[in-house]
Amino acid sequence: MGRNKFKAPKGTRDILPEEAKKREYIEEIAKEIFQLYNYQPIITPLFEKTELFIRGIGESTDIVQKEMYTFQDKKGRSLTLRPEGTASIVRAFLEHNFNQKPFPLKLFYIGPMYRFERPQAGRSREFWQIGAEAIGSIEPAIDAEIICLMIEYLTRLGLKDFTLLLNSMGCPKCRLSFIKVLEKYLHPFKGELCPDCVRRLSTNLLRIYDCKNKNCLKILRQGPIISHFLCEECLSHFKELQALLTQEGIHFQIEPFLARGLDYYTKTTFEVRSPYLGAQNAIGGGGRYDGLIEELGGDSTPGIGFAIGVERLLLHAEVEKIKIPQAAKPKVFIGLVERDLKREAFKILQDLRDASISAEMDFLGRSLKSQIRLADKLGVSFVLFIGPDEMEKGVVKVRDMESGLEEEIKKDNLIFSLKKKLSVKDGGNNES
RNA sequence: GUGACCGUAGCUCAAUUGGUAAGAGCAUUGGACUGUGGAUCCAAUGGUUGGGGGUUCAAGUCCCCUCGGUCACCCCA
């Protein structure tokens, strides 16, 4: 171990075949559901101009303040590895004049994000998100669609034990009046709040809701609630969204203290929490960002989106023992009895593959016994023996690894016969 | 960025108060069974004990630094 000079950088890791296959599966399901809801794939660069994230995510957020992977390229431009997906998508939206397309424009993405943080359970420096954005509609129905999409995806994967939290942050107008009231309420408690919250009092008041200090929480919970201060428009939006979710049988919990750490959220915010993830308990979350596109230089255009953390999803799925179908194993192994029949064996191997039969053979000159052992480890259904006796008769000996029965099959008939045998076996189970 | 705990073969773990030449199981490879798997048995491969420095006659074991891991805080996916 000490010999290995190179290790994956702190907070990153290799995703080995076993896990990679699971990811392929959950991505596949995601794509199915996105297609069902008519969301189109988009792939944006892993890095962007730093300025985009500062403007998009918000100067005062933790992401911008301390979590960005920022570097200079050879021309001295400041670039940043993307810490989240929405800013890039809005940038692409503006860059390609997507406002010319029919609204709402619906996009999804799957890819890695980067945040410079101390790793812990459910948190690393490189992590993947599956996310979706719907741009151009202010209808509560699109909020409902986005949330349904997210919940349906998790449900489709088989997750059960999660909670959907819902809140409205209001719009800039009503938020302002709420902030005033909250400020007034909190002022007398200044001496009792934790130092962080005292700081938040003057910098970014709403961030106070992120505090986990028991005393601060107690004070907050007895204070004003943002939903009581929503303007007429925001309130009816929120009510309509709730009605739609209820109609679809989606259970949610109003969480008046759900603030979320990105400055751009307006009106709807939501988060899916898992009881199994330790301190980092959000599997995914999202919200409406009606001011973001204008902030980044476009016409005033509303939008809403969510992101799911792939690693957290997988961690949760592990606890719930979610069944993830295993990728197919090779079905046939070629057992080479004598070395000088290598060419013949290779030919049969390729013939099988040409016929779409997944096949494998030995490439290390192993003894026949070791070859069969290997075949067993690979879990193939059949082993074909290629030996002098068989050659002479123009046949291949086929061993059924389950029953141990062997049968000689004419070479001309091999593919047809194997396909038939395999389809019989496949008829039963296909999972593990 | 802060704190706590941890770091011995590919994996899971041993190694008396610092004391011979760091062991075992599993995995891998070969063999017992010279044309045949899963069981069993035998053998081999595999470690400058994360790295560096220090204390000591002697360090896997003690001290310092560093890298990494784990968990928590901050915050979020």
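We use all heavy atoms of the structure for the numbers below, so side chains are in, but hydrogens, waters and symmetry mates are not. Throughout, protein chains are lettered first and strands after them, A, B, ... in sequence-line order, and every chain is numbered starting at 1.
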(message) In whole Å, measure the gap between the C1' atoms of B/C26 and B/C62 for me.
(response) 33 Å
(request) Would you mind telling me which of B/A72, B/A77, B/C74 lies closest to the side-chain atoms of A/Ala279? (result) B/A72
(message) Keeping A/Arg288 on the side-chain end and A/Thr268 on the backbone end, is there a donor-acceptor pair under 3.5 Å?
(response) no
(message) So A/Ser124, base contact, sugar-phosphate only, or nothing? Heavy-atom distance under 4.0 Å.
(response) base
Under 3.5 Å, N/O pairs linking protein and nucleotides 30-36 of chain B:
unit_1 : atom_1 : unit_2   : atom_2 : d
B/G30  : OP2    : A/Ser370 : OG     : 3.2
B/G31  : OP2    : A/Ser367 : OG     : 3.2
B/A32  : N6     : A/Arg373 : NH2    : 3.4
B/C33  : O2'    : A/Lys369 : NZ     : 3.4
B/C33  : O2     : A/Lys369 : NZ     : 2.6
B/G35  : O6     : A/Asp389 : N      : 3.0
B/G35  : O6     : A/Asp389 : OD1    : 3.0
B/G35  : O6     : A/Asp389 : OD2    : 2.5
B/G35  : N1     : A/Glu390 : OE1    : 2.8
B/G35  : N1     : A/Glu390 : OE2    : 3.0
B/G35  : N2     : A/Glu390 : OE2    : 2.4
B/U36  : O2     : A/Arg399 : NH1    : 3.2
B/U36  : O2     : A/Glu406 : OE2    : 3.1
B/U36  : N3     : A/Glu406 : OE2    : 2.6
B/U36  : O4     : A/Lys397 : NZ     : 2.7
B/U36  : O4     : A/Glu406 : OE1    : 3.1

(message) What's the gap between B/A27 and B/C42 when it is taken at their P atoms, as a whole Å value?
(response) 14 Å
(request) Over 60° means perpendicular and under 30° means parallel, so classify the ring planes of A/Tyr39 and A/Phe34, tilted if in between. (result) tilted
(request) Measure from CE on A/Met361 to P on B/G37 and round the result to the nearest Å. (result) 19 Å
(request) Using the P atoms only, state how far B/A9 lies from B/A77, rounded to an integer number of Å. (result) 37 Å
(request) Using atom CD1 of A/Ile26 as one end and atom P of B/A77 as the other, report the distance to the nearest whole Å. (result) 17 Å
(message) What is the separation between atom CD1 on A/Ile334 and atom P on B/G37, rounded to the nearest whole Å?
(response) 18 Å
(request) Please state the C1' separation for the pair B/C73 and B/C63 - nearest whole angstrom. (result) 29 Å
(request) Using the side-chain hydrogen bond (donor to acceptor under 3.5 Å, both in side chains) rule, take A/Tyr289 and A/Glu133 through it: C-alpha gap first, then chi angles, then the decisive distance, then the call. (result) CA-CA 10 Å; A/Tyr289 45 86; A/Glu133 313 287 349; 2.5 Å; yes
(request) Determine whether A/Phe162 and A/Leu313 make a side-chain contact, defined as any pair of heavy atoms from C-beta on separated by less than 4.5 Å. (result) no
(message) Tell me the interatomic distance from A/Tyr265, atom OH, to B/A77, atom C1', rounded to whole angstroms.
(response) 10 Å
(request) To the nearest Å, give me how far apart NZ (A/Lys329) and P (B/G37) are. (result) 20 Å
(message) Using side-chain heavy atoms (C-beta onward) and a distance below 4.5 Å, is A/Phe93 in contact with A/Leu107?
(response) no
(message) For a quick check of understanding: with a heavy-atom distance under 4.0 Å over all strands, which category does A/Glu67 fall into, base, sugar-phosphate or nothing?
(response) sugar-phosphate
(request) Just call it for A/Gly131: base, sugar-phosphate, or nothing, with non-hydrogen atoms closer than 4.0 Å on any strand. (result) nothing
Atom pairs under 3.5 Å, N or O on each side, protein against nucleotides 64-70 of chain B: can you list them with distances?
unit_1 : atom_1 : unit_2  : atom_2 : d
B/G69  : OP1    : A/Gly11 : N      : 3.0

(request) For A/Ile283, answer base if it contacts any base atom (sugar-phosphate contacts may also be present), sugar-phosphate if it contacts only those atoms, and nothing otherwise; contact means non-hydrogen atoms under 4.0 Å. (result) sugar-phosphate
(request) Find out whether A/Gln35 and A/Lys31 are in side-chain contact, i.e. whether some heavy atom of one side chain is under 4.5 Å from a heavy atom of the other. (result) no
(message) Taking only the P atom of each, what is the distance from B/G47 to B/C57 in whole angstrom?
(response) 32 Å
(message) Please report the distance separating the C1' of B/U17 from the corresponding atom of B/G69, rounded so that it comes out in whole Å.
(response) 30 Å
(message) Say we look at B/U12 and B/G7: how far apart would their P atoms be, to the nearest angstrom?
(response) 13 Å
(message) Given B/C74, B/G1, B/U28, identify the nucleotide with an atom nearest to the side chain of A/Lys66.
(response) B/C74
(request) Kindly indicate whether the side chain of A/Thr80, heavy atoms from C-beta on, has any atom under 4.5 Å from the side chain of A/Tyr114. (result) no
(request) Output yes when a side-chain donor or acceptor of A/Tyr185 lies under 3.5 Å from a complementary backbone atom of A/Ile219, and no otherwise. (result) yes
(message) For the backbone of A/Lys160 and the side chain of A/Glu320, can you confirm whether one donor and one acceptor N or O come within less than 3.5 Å of each other?
(response) yes
(message) Whole angstroms only, please: what is the NZ-C1' distance between A/Lys377 and B/A27?
(response) 9 Å
(request) For RNA chain B, just give me the dot-bracket, please: Watson-Crick or G-U, both distances below 3.5 Å, ( ) intra-strand, [ ] crossing earlier pairs, | paired with another strand, . unpaired. (result) (((((((..((((.....[...)))).(((((.......))))).....(((((..]....))))))))))))....
(request) Determine the interatomic distance between P on B/U8 and the same-named atom on B/G3; round to the nearest Å. (result) 24 Å
(request) Verify, without hydrogens or angle tests, whether A/Thr266 (side chain) and A/Asp290 (backbone) share a donor-acceptor contact under 3.5 angstrom. (result) yes
(request) Send over the distance from A/Gln371 CD to B/G37 P, rounded to a whole Å. (result) 12 Å
(message) Contact between A/Phe252 and A/Ile151 at the side-chain level, heavy atoms closer than 4.5 Å - yes or no?
(response) no
(request) Spell out, as yes or no, whether a donor-acceptor pair under 3.5 Å connects the side chain of A/Ser137 to the backbone of A/Ile142. (result) no
(message) I'd like to check A/Ile283 versus A/Leu315 (side-chain heavy atoms, cut-off strictly below 4.5 Å). Are they in contact?
(response) no
(request) Take atom CG of A/Leu314 and atom P of B/A77, then tell me their distance rounded to the nearest Å. (result) 18 Å
(message) Is it the case that B/A77 (base atoms only) and A/Glu271 (side chain only) share a donor and an acceptor within less than 3.5 Å, ignoring hydrogens and angles?
(response) no
